[in-house]
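Model, not experiment: these values are computed from the prediction.
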Amino acid sequence: MSEIMKYDVVVVGAGIAGPIVARNVAKEGYSVLLIDKKPAIGAPKQCAEGINISVFEKHDIPYDKRFINREIYGARLYSPSGYTLEMRYNRVSGVILERKVFDKMLAFYAARAGADVLPRTEATDVIRKDGKIIGIKAKKEGEPIEIRADILVAADGVESTIARKAGINTYAPLHEFDSAYEYEMLIEGFDPDLIHLWFGNNVAPRGYVWVFPKDEDRANVGIGINSDNPMTAKHYLDKWLKENNIAFKKILEVNVGIVPVGGFLRELVKDNVLVVGDAARQVNPMHGGGMAEAMEAGTIASKWILKALKEENFELLKNYTTEWWEKDGKRLERVLRVRKVVEHLTDEDLDVFIQTLSGIDAEKIAGGHYSEVIKALLKQPKVLMSPRRITLLKELL
């Protein structure tokens, strides 16, 4: 007979979104269980580890030097022919985290708020009774257990088992995903106060190569390309390192992952099951960053979970879908439109745009305020002389 546990809420997955939900709900006195299939929360990492400085205050996360590797003051973008666009601020704009420590600390904050946390516990199925989902089946260190809960949160990543088993349609075509490959390695010669991004159809089809510094001479060096590419992400990254005469014999870690860059879920809630984070494809389709989006979604989800529990009315959970689409979904769909246009840019287009854009424009792009940027680009002679570029840019307006 398998062990049976009972909670108000069970959260599957202790990445970013899961612990935020668990912490917020436990803080209000409800019983919460946070489980993760990995024996050590946070490892292995599948992340370039860069995040905007604003998230700490916004989501009530301590600015703890234990998981902050390095403070970053901006970014430098490189076009295929080597033109650069630099955004440098006189204040810290972002940080490079140590995800292995950060994720574990988020789980620790959830535990401190009152949640139970169990690593090495893998959710395998949902439990149904009279057509209703009443919990999950899991394996805790290989032993079968049943966890009964009023509300289930699927925060179990791209291939979310729980969302699928709950009957939520998570299908997205392969083209809506990027393949990522990354080395944490010794590398020198790049300004360690900035993140560095290289673009080009031969460099990284549909994506970019990144160098995210963790030390003066150590960085995450990675690439993201479209998943339906006949060549692997590793092939392109190794080619880039060779072409730039960067020795890759001092590698400390290799990370491989799939990143959703589109295919947002229309339905984020089904009955008493909510989907958050990568499981819901809540990722910025332009740069593939999902941490800030996961925090945002986790915050909105926990608000409606608390209302549903207080009023004992699970219909209220549906408001999570509505509010997320209002606040974040529409913005991310606009960013997705940009990504789809950017996919059609030639290397020459990328050269022209990076040459033309000023730092302030790039900052607007980063914030998704791209209509002003497009209007500025449309005034440029090199753009005006190309009907194709005009058409591409007008598609965005």
Side-chain angles (χ1 to χ4, degrees), residues 4-35 59-60 110 113-116 123 125-138 146-157 160-172 263-282 293-333:
I4 295 179
M5 303 160 99
K6 174 78 184 87
Y7 289 87
D8 294 320
V9 179
V10 62
V11 180
V12 181
I16 300 287
I20 296 264
V21 174
R23 178 199 69 178
N24 293 354
V25 176
K27 209 158 50 180
E28 298 300 316
Y30 293 97
S31 63
V32 181
L33 174 65
L34 172 65
I35 66 169
H59 298 290
D60 192 23
D116 288 349
D125 207 346
V126 296
I127 302 167
R128 291 177 195 270
K129 188 181 175 190
D130 306 328
K132 281 199 172 76
I133 292 176
I134 57 158
I136 59 167
K137 289 181 181 170
E146 288 190 5
I147 304 156
R148 301 290 161 94
D150 297 330
I151 294 173
L152 273 60
V153 179
D156 47 347
S160 181
T161 306
I162 290 304
R164 211 172 50 246
K165 299 273 189 186
I168 292 171
N169 180 14
T170 60
Y171 172 77
F264 311 118
L265 297 198
R266 295 281 144 204
E267 179 185 30
L268 297 170
V269 177
K270 186 156 191 185
D271 302 323
N272 58 340
V273 182
L274 299 85
V275 195
V276 289
D278 278 12
R281 323 258 183 270
Q282 289 160 328
E293 307 300 346
M295 289 173 189
E296 196 60 51
T299 303
I300 298 169
S302 41
K303 175 174 118 179
W304 290 106
I305 289 168
L306 286 167
K307 284 200 162 122
L309 288 168
K310 275 189 186 108
E311 296 180 32
E312 296 181 11
N313 174 7
F314 294 164
E315 280 297 304
L316 291 172
L317 295 172
K318 291 198 174 87
N319 291 313
Y320 158 51
T321 299
T322 317
E323 187 176 333
W324 183 83
W325 271 101
E326 239 353 275
K327 274 193 176 159
D328 258 12
K330 283 181 183 167
R331 174 181 62 83
L332 290 176
E333 282 208 315

Please check if the side chain of [X] supplies one atom and the backbone of [Y] the other of a donor-acceptor pair under 3.5 Å.
{"X": "Asp125", "Y": "Lys137", "result": "no"}
{"X": "Ser31", "Y": "Asp8", "result": "yes"}
{"X": "Asp156", "Y": "Ile162", "result": "yes"}
{"X": "Ser160", "Y": "Gly157", "result": "no"}
{"X": "Asn319", "Y": "Leu316", "result": "yes"}

Item to complete: Indicate whether the side chain of Tyr7 and that of Asp116 have a donor and an acceptor atom separated by less than 3.5 Å.
Response: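 There is such a pair between these side chains.
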
Atom [atom1] of [X] and atom [atom2] of [Y]: how far apart are they, to the nearest 0.5 Å?
{"X": "Glu311", "Y": "Leu306", "atom1": "CD", "atom2": "CG", "answer": "11.0 Å"}
{"X": "Asn169", "Y": "Arg164", "atom1": "CG", "atom2": "CZ", "answer": "11.5 Å"}
{"X": "Trp304", "Y": "Phe314", "atom1": "CH2", "atom2": "CZ", "answer": "15.0 Å"}
{"X": "Ile127", "Y": "Glu146", "atom1": "CD1", "atom2": "CD", "answer": "4.0 Å"}
{"X": "Arg148", "Y": "Ile134", "atom1": "CZ", "atom2": "CD1", "answer": "4.0 Å"}
{"X": "Arg23", "Y": "Ser302", "atom1": "CZ", "atom2": "OG", "answer": "8.0 Å"}

Discussion item. Is it the case that over 12 heavy atoms from other parts of the model lie below 6.0 angstrom from the CD atom of Glu326?
Written reply: no

Worksheet item: Do other residues, nucleotides or ligands put more than 12 heavy atoms under 6.0 Å from the NZ atom of Lys327?
Response: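 No, not enclosed.
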
Can you name the closest pair of heavy atoms from [X] and [Y] and give their distance?
{"X": "Ala279", "Y": "Leu265", "result": "O-CD1, 3.9 Å"}
{"X": "Thr321", "Y": "Arg266", "result": "CG2-O, 3.4 Å"}
{"X": "Gly114", "Y": "Ala26", "result": "C-CB, 3.9 Å"}
{"X": "Ala172", "Y": "Gly263", "result": "CB-CA, 4.3 Å"}
{"X": "Met295", "Y": "Ile16", "result": "CG-CG2, 3.6 Å"}
{"X": "Ile136", "Y": "Ala123", "result": "CD1-CB, 4.0 Å"}

Fill in: Name of the residue among Thr170, Val275, Leu332 meeting side chain to side chain contact (heavy atoms under 4.5 Å, CB included) with Arg281
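The single option meeting the side chain to side chain contact (heavy atoms under 4.5 Å, CB included) with Arg281 is Thr170.
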
Do the side chains of [Y] and [X] get nearer than 4.5 Å, heavy atoms only?
{"X": "Val11", "Y": "Val32", "result": "yes"}
{"X": "Gln282", "Y": "Glu296", "result": "no"}
{"X": "Tyr30", "Y": "Ile305", "result": "no"}
{"X": "Val10", "Y": "Val153", "result": "no"}
{"X": "Lys6", "Y": "Asp150", "result": "yes"}
{"X": "Leu309", "Y": "Val9", "result": "yes"}
{"X": "Ile151", "Y": "Leu317", "result": "yes"}

Practice prompt. Go through the steps to decide whether Leu152 and Val126 satisfy the test side-chain contact (heavy atoms from CB on, under 4.5 Å), and finish with yes or no.
Written response: CA-CA 9 Å; Leu152 273 60; Val126 296; 4.1 Å; yes

Discussion item. Closer than 4.0 angstrom, basic N to acidic O: yes or no for Asp60 and Lys27?
Written reply: yes

Discussion item. What I want to find out is whether Arg331 reaches Glu293 closely enough, with some N-O distance under 4.0 Å, to be called a salt bridge.
Written reply: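 Between Glu293 and Arg331 there is a salt bridge, with a charged N closer than 4.0 Å to a carboxylate O.
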
Fill in: Test log, rule side-chain contact (heavy atoms from CB on, under 4.5 Å), inputs Lys303 and Tyr320
CA-CA 8 Å; Lys303 175 174 118 179; Tyr320 158 51; over 6 Å; no

